[in-house]
Amino acid sequence: MAEKQNNNADNSSEKETSTNREIKGNMYQKPLDLDDVLTNELGQFGWFQIRNILLVAYPIAICGLMAEYVFSAAAIPHRCRIPECGEDGKSHEFAPAWITNTIPESGSGFASCERFAPRDAGSNGTLDYCPDDLFDRSKTVECDSFVYARDNTVVYEFDLGCKEWLRVLAGTLYSVGTLLVLPVTGFVSDRYGRRLALVISIFNLGLFGFIRAFSVNYTMYVTLQILQTTFGAGAYSCAYIFAAELVGPKYRVFTSATSSSIFAVGQVLLGSIAWVLPAWRHMIMAVNAPCFIIVAYYWLLSESVRWLLSKKKYPEAKKILETVARVNKTHISEKSMEALMNPPQPTASVPNADAPGLFRSVIRSPVLLRRVCTTPFWWITMTFVYYGLSINSTSLSDTIYLNYILTCAIEIPGFYTAVLLLDRIGRKITLCSGFFFSAACNIAFVFIPMDMTVLRLIIYLLGKFGISMVVTSIYLYTSELYPTEYRHTFLAFSSMIGRIGSITAPLTPALMTYWHGIPSMLFGCMGVVSGLLALTQPETLGTKMPDTLAEAEAIGTPGSKIKYTVTE
């Protein structure tokens with residue numbers, strides 16, 4: 001019995017020695033990084049991380065307020081002005097009793113952009129009485145001036161009746177600015193720090209936005225719109241960095257969904273403010289005024305630890321890491337601190353002249369080429385449908401504010417549903433389900449009768465729920481399909497191409513002038529195509545994150561699965 005115990009002890013000692021050698025070998029192979037310290041010592045999601053998320057919730061919510069063009073440039077019912085009946089301005093009664101004598105009827109009541117041609121009768125009607133014999137009902141002419149049902153948007157202010165493509169330009173320029181902002185924010189963030197980039201971005205949002213409330217013409221309004229987003233729309237990415245960078249790997253997807261949910265809360269607040277302050281100038285001032293409080297964040301928010309370490313600002317980084325340990329009631333060892341403060345210097349490597357370049361690697365690999373052609377289309381569809389549904393929600397019914405609030409609020413359960421499904425049923429199934437479910441709802445919405453308003457709203461909201469699942473899934477799935485050597489390049493490429501969707505989404509309301517179902521049918525068809533394309537890619541759940549092209553090509557094969565060994 002004693003001999004057996006000794007043998008077991010020897011075997012155990014041998015196993016421990018072997019394990020120690022393996023751990024030490026891995027340590028030599030992979031230098032200690034911040035993720036290792038968060039996982040093993042500081043804590044992946046402690047009080048410091050929670051405090052950080054609560055702090056950045058304010059600027060993230062402010063970013064959600066910036067889509068106010070949805071209301072400030074919202075379409076309003078309009079019709080031709082009838083000077084023969086005494087109308088000399090654009091604020092007369094919108095639907096007087098005699099209106100059908102002067103304007104042809106349409107499916108929505110009466111035409112918006114044409115009227116019956118006036119006869120040279122030598123007499124005129126009045127605002128109370130305007131007979132049809134003053135007009136030639138067999139002939140129509142285009143409007144040269146308009147009367148509006150409301151006066152609370154730039155459409156009334158700058159007389160944009162029947163200039164639908166010009167009206168939706170505000171939303172398109174907003175999205176163009178979000179593309180132009182990338183190099184601006186990247187330069188400030190990399191050169192001067194994430195904290196300064198966040199403060200400047202939010203301040204710029206408030207400054208240009210507040211000035212835009214005093215626009216004297218539509219040109220000034222849209223010019224300030226693109227300037228506002230070009231110099232301020234990078235605020236969300238800056239705030240997201242602070243929320244996610246000190247969270248351990250296990251909680252990154254959850255933190256991403258939380259950040260997206262806070263953005264949705266900001267959009268809900270936008271709908272509420274617009275509801276309380278419908279006049280577009282007052283509404284713009286109200287949503288931009290809170291931006292100036294962000295100046296205090298230069299002293300409230302700690303600088304990015306990862307940026308400090310990358311810039312070799314070790315004293316400041318050490319101080320923040322010690323604060324994390326104190327707030328989380330954990331401890332960071334001297335050995336770990338020393339490893340972070342003294343990272344190994346990269347060895348100079350001789351470029352391999354025989355190694356193929358990026359373009360050649362893509363062409364030579366059918367698997368990689370297929371993915372490079374597939375993932376950008378996912379991103380285009382995601383941004384197109386996501387923003388398109390939000391923008392078009394204001395046309396669902398007369399309760400435009402409530403429609404917008406509900407359409408944004410439904411995103412929150414969609415984000416967290418994806419978090420629950422990604423690690424259970426897999427990345428591919430979650431992404432496909434989101435695309436197909438949203439597509440089915442959008443296509444069904446087209447054929448629901450207009451008078452069934454409740455059912456139309458429910459189906460519309462379910463479509464937004466489905467695409468919200470895609471928003472959470474697509475970033476993770478795209479990252480896991482590409483090898484480390486090309487991952488950042490192709491993720492950035494997919495995201496950049498995806499901006500095509502957000503740029504074109506604001507134009508979709510203009511298509512409703514031809515047929516009411518065009519936007520929803522477009523959303524549905526693109527969702528179906530993207531869902532089918534997602535089925536062509538392998539599942540990445542339970543697979544090792546690929547480091548090389550060969551490993552990326554092997555995803556989906558039995559050898560790509562992570563094997564866990566249980567020792568007794």
Requested in this report: With rounding to the nearest 0.5 Å, note down the distance linking OG in S261 to CD1 in I60.
Outcome: 10.0 Å
Report summary line: Distance col, row L227:CG vs L180:CG, nearest 0.5 angstrom, shows 10.0 Å
Query raised in the report: Within the distance-only criterion (no hydrogens, no angle test), does the side chain of R81 pair as donor or acceptor with the backbone N or O of E87 below 3.5 angstrom?
Result: yes
Query - Closest heavy-atom pair and its distance - C291, I62 - result: SG-CG2, 3.6 Å
Query raised in the report: Of all heavy-atom pairs between G388 and Y460, which one has the smallest distance, and what is that distance?
Result: O-OH, 4.1 Å
Report task. Would you kindly say whether N392 and T508 are connected by a side-chain donor-acceptor distance under 3.5 Å? Result -> yes
Query raised in the report: Under 3.5 Å, is there a donor-acceptor pair between the side chain of W379 and the main chain of R499?
Result: no
Query raised in the report: Which atom pair, heavy atoms only, marks the closest approach of W98 to D128?
Result: CD1-O, 3.9 Å
Report task. Begin with the C-alpha distance, continue with both residues' side-chain angles, and end with the deciding distance and a verdict on side-chain contact (heavy atoms from CB on, under 4.5 Å) for I273 and L65. Result -> CA-CA 9 Å; I273 293 170; L65 295 173; 4.2 Å; yes
Report task. Please report the closest heavy-atom contact between S72 and I284, naming both atoms and the distance. Result -> CB-CD1, 4.0 Å
Query raised in the report: So, the side chain of N52 versus the backbone of F242: is there a donor-acceptor pair under 3.5 Å, distance only?
Result: yes
Requested in this report: Report yes or no: is the cationic atom of K464 (NZ for Lys, CZ for Arg) closer than 6.0 Å to the six-membered ring centre of Y386, at no more than 45° off its axis?
Outcome: yes
Report task. With ring pair (Phe, Tyr, Trp, His ring centres under 6.0 Å) as the test, would you mind laying out the steps for Y148 and F94 before giving the verdict? Result -> CA-CA 6 Å; Y148 297 90; F94 183 67; 8.6 Å; no
Query raised in the report: Are the side chain of Q225 and the backbone of G171 linked by a donor-acceptor contact shorter than 3.5 Å?
Result: no
Query raised in the report: Angle class for the Y69/Y174 ring planes (parallel below 30°, perpendicular above 60°, tilted otherwise)?
Result: tilted
Query raised in the report: Where is the tightest heavy-atom contact between C408 and V268, given as atom of each residue plus distance?
Result: CB-CG2, 4.1 Å
Report summary line: Value for CD1 (I380) from CE (M526), rounded to nearest 0.5 Å, stands at 6.0 Å
Query raised in the report: side-chain contact (heavy atoms from CB on, under 4.5 Å) between Y236 and S260: does it pass, once the steps are laid out?
Result: CA-CA 10 Å; Y236 179 83; S260 299; 3.8 Å; yes
Query raised in the report: Are side-chain heavy atoms of F116 and K139 found at a separation under 4.5 Å?
Result: no
Query - Test side-chain hydrogen bond (donor to acceptor under 3.5 Å, both in side chains) applied to T258 and Y416, step by step - result: CA-CA 8 Å; T258 300; Y416 286 109; 2.9 Å; yes
Query raised in the report: Do C238 and T185 pass the side-chain contact (heavy atoms from CB on, under 4.5 Å) test, and can you show the C-alpha distance, the side-chain angles, and the key distance before you say yes or no?
Result: CA-CA 8 Å; C238 294; T185 305; 3.6 Å; yes
Query raised in the report: How about Y401 and Y404: are their ring centroids closer than 6.0 Å?
Result: no
Query raised in the report: How about C113 and C162, are their SG atoms within less than 2.5 Å of each other?
Result: yes
Report summary line: Between T100 and R137 the two heavy atoms that sit nearest each other are O-NH1, 3.1 Å
Query raised in the report: Donor-acceptor pair, Q267 side chain versus A409 backbone, under 3.5 Å?
Result: no
**Report entry** N/O donor-acceptor pair under 3.5 Å between T178 side chain and S175 backbone
**Finding:** yes
Query - Geometric cation-pi criterion R456 and F445, 6.0 Å radius, 45° cone - result: yes
Query raised in the report: How far apart are the C-alpha atoms of I103 and E114, what are their side-chain angles, what is the distance that settles it, and do they pass the side-chain contact (heavy atoms from CB on, under 4.5 Å) test?
Result: CA-CA 7 Å; I103 297 177; E114 61 180 6; 6.0 Å; no
Query raised in the report: For T375, which of S530, S494, S495 qualifies under side-chain hydrogen bond (donor to acceptor under 3.5 Å, both in side chains)?
Result: S494
